[in-house]
Visitor: 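Supplied in structure tokens, the structure appears directly below.
Chain naming here is simple, since letters A, B, ... match the order of the sequence lines and numbering starts at 1 in each.
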Protein chains: 2
Amino acid sequence: MSRDENIGRKDVSKRVERAHRILDVAAALILRWGYNKTTIDDVAREAGVAKGTIYLHWRTREDLFRALIRRERVDMAEEVKQSISQDPMGATLRGILKHLALVIMKRPLMKALLLRDLDVIGKLAHSGNDTFAYMEKLTGFNSYLETLRDHGLIRADLNLKAQMYIFNAIFMGFFLTMPLMPEGFTLSDDEIADLMAETVHCTLEGNLSISADDLKAVSLAFMQYLDHAVAAAKEHLQQELQ
Amino acid sequence: MSRDENIGRKDVSKRVERAHRILDVAAALILRWGYNKTTIDDVAREAGVAKGTIYLHWRTREDLFRALIRRERVDMAEEVKQSISQDPMGATLRGILKHLALVIMKRPLMKALLLRDLDVIGKLAHSGNDTFAYMEKLTGFNSYLETLRDHGLIRADLNLKAQMYIFNAIFMGFFLTMPLMPEGFTLSDDEIADLMAETVHCTLEGNLSISADDLKAVSLAFMQYLDHAVAAAKEHLQQELQ
DNA sequence: ATATGACTATTTATTCATATTTGGTCAATC
DNA sequence: GATTGACCAAATATGAATAAATAGTCATAT
């Protein structure tokens, strides 16, 4: 490794560190004041950099916040991956749902994004309603469901599209019901996650007896996929933050 | 029956008829233009009455639309009752859910109310956020669940609060997911209703074997309750429209 | 080369005056 | 007595003109 590259490396790591510091501030401010009322000046001041510095990282204000969202997603994916890998049943449908739910509940920004909380994401909701990425995610999930089905880990008497819809409805339903329940009918995050998992289990996994081999195979395939996807996303993010 | 009362009757029936005509127009206009942009003048013109006449029925604009919503609820309840009574399994949890869902899907106004579609209900959403009536409905549903449980028609290994939450989450989830699914992943109303029922069945009813006696008992109790509640609501509505 | 913050061109918020719409009333009419 | 629609006050929309806030730039400093 030449000296030039070394120097470059050092510079880059400093830059990335600063980018993260700025995003940290942006995350705190968007949750405190909402996207519409969070200014670049605020972010710069709180992050201890000049405004111009922020524009050395991102071309526009929106770019900055979109980067924040991407980072949030990557961090979440990493956390979910860890969580799943520690649970023998983690790669089952109910496992994924439960771990995903618990991680999201701990992350106010992800929760706000999922629930489309306009107080937080404001105009960020309208612009760039990335349906392409969404479709991509859905089709990715589709192939995961196919794998599960091939290994007998979900019911075979329901078509994929239906199972897809059911999974989505349960996922969104449990989250969206949270703020709708009146006093006395609310449940804790952990209870909700468990019930979500239970619902998916009963409806999509049925009372199929899980073969250890199939579970192992699916877990391996899924973790391998997740490892790869998360690593790529992290790499991509690192690159993006230079 | 004296002649006075007869004359009164006739007048009242005319009045009620007119009230319904006005509400019909209000329903059409609120769906076409939304609450905020539907004026009393519009309603009066379309209904073929003078504006003053409307104020002979309701004290304010909001009262008119709240009456419309009450009527919609009563009509819906009546329709659900009919639908359930024709289905042997109608009074089971999955039966109720399915019939309720199908009826709502056919009623744009109910759908808009359920989904809190601000384009339709506009400022009507904020004012009078009737949590009391909501609580009442929830506790009513609670006791229905208790009856089901006593007759072994739903699982006994989940507490009522949890089952309540699950039911709500499934119900809302399937409805709210409808507009969120992209092209190619959508399902028909009937498919969605069936999947909703299936989900509730798997999760809350389990694979319990239903005793014919218990089913009969629950159906009877439920239909009796529904009959009574709907009749009272209708009576109340009739009274309200004078 | 990197970072800064004063600077500017836009955007957004505020104000104020005017015009229009609309909820609700009530004297006149049927 | 029931119904009407002209009428009014209040609310809402429109627009101009001004002020304030803010995104993004760039000459200068480190």
Side-chain angles (χ1 to χ4, degrees), chain A residues 3-22 25-26 29-30 32-68 118 122-124 126-128 241-242, chain B residues 3-23 25-26 29-30 32-68 122-124 126-128 241-242:
Chain A
R3 220 178 62 210
D4 275 18
E5 275 170 343
N6 252 326
I7 289 169
R9 281 278 177 124
K10 197 173 171 185
D11 286 0
V12 165
S13 91
K14 276 258 179 222
R15 264 184 81 86
V16 170
E17 198 180 291
R18 187 175 60 187
H20 279 295
R21 218 175 59 236
I22 294 170
V25 169
L29 292 183
I30 198 179
R32 182 95 183 83
W33 305 110
Y35 173 73
N36 291 347
K37 297 209 171 299
T38 301
T39 70
I40 296 288
D41 280 293
D42 292 337
V43 176
R45 184 158 14 85
E46 290 276 319
V49 297
K51 184 154 66 156
T53 305
I54 287 182
Y55 286 91
L56 294 176
H57 286 276
W58 301 278
R59 275 184 46 256
T60 69
R61 181 173 101 107
E62 201 180 313
D63 278 358
L64 162 65
F65 285 96
R66 296 227 166 271
L68 169 63
L118 294 185
K123 291 174 189 167
L124 212 50
H126 306 289
S127 66
L241 301 182
Q242 295 186 6
Chain B
R3 219 178 63 211
D4 274 20
E5 273 170 344
N6 254 326
I7 291 171
R9 282 279 177 124
K10 197 172 172 186
D11 286 1
V12 164
S13 92
K14 277 256 177 224
R15 263 184 83 83
V16 171
E17 199 181 290
R18 187 176 59 186
H20 278 297
R21 218 175 59 239
I22 293 170
L23 291 183
V25 169
L29 292 182
I30 199 180
R32 181 97 185 80
W33 304 110
Y35 172 73
N36 292 346
K37 298 210 170 298
T38 302
T39 70
I40 296 287
D41 279 290
D42 292 337
V43 176
R45 182 156 16 84
E46 290 275 320
V49 297
K51 187 155 63 154
T53 306
I54 288 182
Y55 285 92
L56 295 175
H57 287 276
W58 301 278
R59 274 184 46 256
T60 68
R61 180 172 103 107
E62 201 181 313
D63 277 357
L64 162 65
F65 284 97
R66 296 226 166 271
L68 169 63
K123 291 173 190 169
L124 212 52
H126 305 290
S127 67
L241 301 181
Q242 293 186 7

Visitor: Compare every heavy atom of N36(B) with every heavy atom of K123(B), then report the nearest pair and how far apart it is.
Guide: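 In terms of heavy atoms, the two residues are closest at N-OD1, 3.1 Å.
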
Visitor: At their closest point, which heavy atom of W33(B) faces which heavy atom of K37(B), and how far apart are they?
Guide: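 The answer is O-CB, 3.6 Å.
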
Visitor: Which nucleotide sits closest to the side chain of R18(B): dA6(D), dG24(D), dT3(D)?
Guide: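 Of the options given, the side chain of R18(B) lies nearest dT3(D).
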
Visitor: Please pick, from dG23(C), dA23(D), dT4(D), the nucleotide with the shortest atom-to-atom distance to any side-chain atom of L56(B).
Guide: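 Output: dT4(D).
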
Visitor: Return whichever of G52(A) or I40(A) has its heavy-atom-nearest nucleotide of DNA chain D closer to the 5' end.
Guide: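 Counting from the 5' end, the first nearest nucleotide belongs to I40(A).
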
Visitor: I need the minimum non-hydrogen distance between R15(B) and L56(B), along with the two atoms involved.
Guide: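 Looks like NH2-O, 3.2 Å.
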
Visitor: Take the protein atom CH2 of W58(A) and the nucleotide atom P of dA3(C), then report the distance between them rounded to whole Å.
Guide: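 For the pair W58(A) CH2 and dA3(C) P, the rounded distance is 13 Å.
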
Visitor: To the nearest Å, how far apart are R61(B) CZ and dA11(D) C1'?
Guide: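 Interatomic distance, CZ of R61(B) to C1' of dA11(D): 11 Å.
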
Visitor: If the threshold is 4.0 Å, N to carboxylate O, is there a salt bridge linking D63(B) and R66(B)?
Guide: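 Looking at D63(B) and R66(B), the cut-off is not met.
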
Visitor: Just the rounded figure in Å: distance from C1' of dT3(D) to CD1 of I54(B).
Guide: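 Rounded to the whole Å, the gap is 13 Å.
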
Visitor: Please find the pair of heavy atoms, one from R61(A) and one from I40(A), that lie closest to each other, and give the distance.
Guide: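 Smallest interatomic distance, heavy atoms only, reads CG-CD1, 3.7 Å.
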
Visitor: Would one find more than 12 heavy atoms of other residues, nucleotides or ligands at under 6.0 Å from atom CZ of R21(A)?
Guide: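 More than 12 heavy atoms, drawn from other residues, nucleotides or ligands, come within 6.0 Å of this atom.
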
Visitor: To the nearest Å, how far apart are W33(A) CH2 and dT22(D) C1'?
Guide: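 In whole Å, dT22(D) C1' lies 17 Å from W33(A) CH2.
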
Visitor: What pair of heavy atoms forms the shortest contact from A67(A) to W58(A), and how long is it?
Guide: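 Of all heavy-atom pairs spanning A67(A) and W58(A), the closest is CB-NE1, 3.4 Å.
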
Visitor: Using a 4.0 Å heavy-atom cut-off, does T53(B) contact any base of the nucleic acid, only the sugar-phosphate backbone, or nothing at all?
Guide: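 Base, at least one base atom sits under 4.0 Å.
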
Visitor: Within the structure, does a side-chain N or O atom of R59(B) lie under 4.0 Å from either OP1 or OP2 of dG23(C)?
Guide: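 It does not, given that no N or O in the side chain of R59(B) lies less than 4.0 Å from OP1 or OP2 of dG23(C).
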
Visitor: The side chain of Y55(A) is closest to which nucleotide in this list: dG23(C), dA3(C), dA23(D)?
Guide: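 The answer is dA23(D).
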
Visitor: Could you check how far CG of D41(B) sits from P of dT21(C), rounded to whole Å?
Guide: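 Atom-to-atom, D41(B) to dT21(C), this comes out as 11 Å.
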
Visitor: Provide, to the nearest angstrom, the distance between the NZ atom belonging to K51(B) and the P atom belonging to dT25(C).
Guide: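 Result: 11 Å.
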
Visitor: At their closest point, which heavy atom of V43(B) faces which heavy atom of T38(B), and how far apart are they?
Guide: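 Closest approach of V43(B) to T38(B), heavy atoms only: CG2-CG2, 4.0 Å.
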
Visitor: Whole angstroms only, please: what is the CZ-C1' distance between F65(B) and dT22(C)?
Guide: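 Rounded to the whole Å, the gap is 13 Å.
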
Visitor: Classify R45(B) by what it touches in the nucleic acid, base, sugar-phosphate, or nothing, heavy-atom distance under 4.0 Å.
Guide: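 Counting heavy atoms under 4.0 Å across all strands, no contact is made by R45(B).
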
Visitor: Using heavy-atom distances to pick each residue's nearest nucleotide on DNA chain C, tell me which of K37(A) and V49(A) is more 5'.
Guide: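 Checking each residue's closest nucleotide, the 5'-ward one belongs to V49(A).
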
Visitor: Between P on dT22(D) and CG on L64(A), what's the gap in Å once rounded to a whole number?
Guide: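 Answer to the nearest Å: 15 Å.
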
Visitor: How far does the helix from dA1(C)-dT30(D) to dC30(C)-dG1(D) bend, going by the axes of its first and last five pairs, to the nearest 10°?
Guide: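 That helix has its two terminal axes inclined by roughly 30°.
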
Visitor: Measuring from the side chain of A50(A) (C-beta onward, heavy atoms only), which nucleotide among dA23(D), dG24(C), dG5(C) has the closest atom?
Guide: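 Nearest to the side chain of A50(A) among the choices is dG5(C).
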
Visitor: T60(A) side chain: which of dG24(D), dA23(D), dG24(C) is closest?
Guide: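 Taking heavy atoms from C-beta onward, the closest nucleotide is dG24(D).
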
Visitor: Heavy atoms from C-beta onward define the side chain here; which of dA3(C), dC7(D), dG5(C) lies closest to that of R15(A)?
Guide: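 Closest of the options to the side chain of R15(A): dA3(C).
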
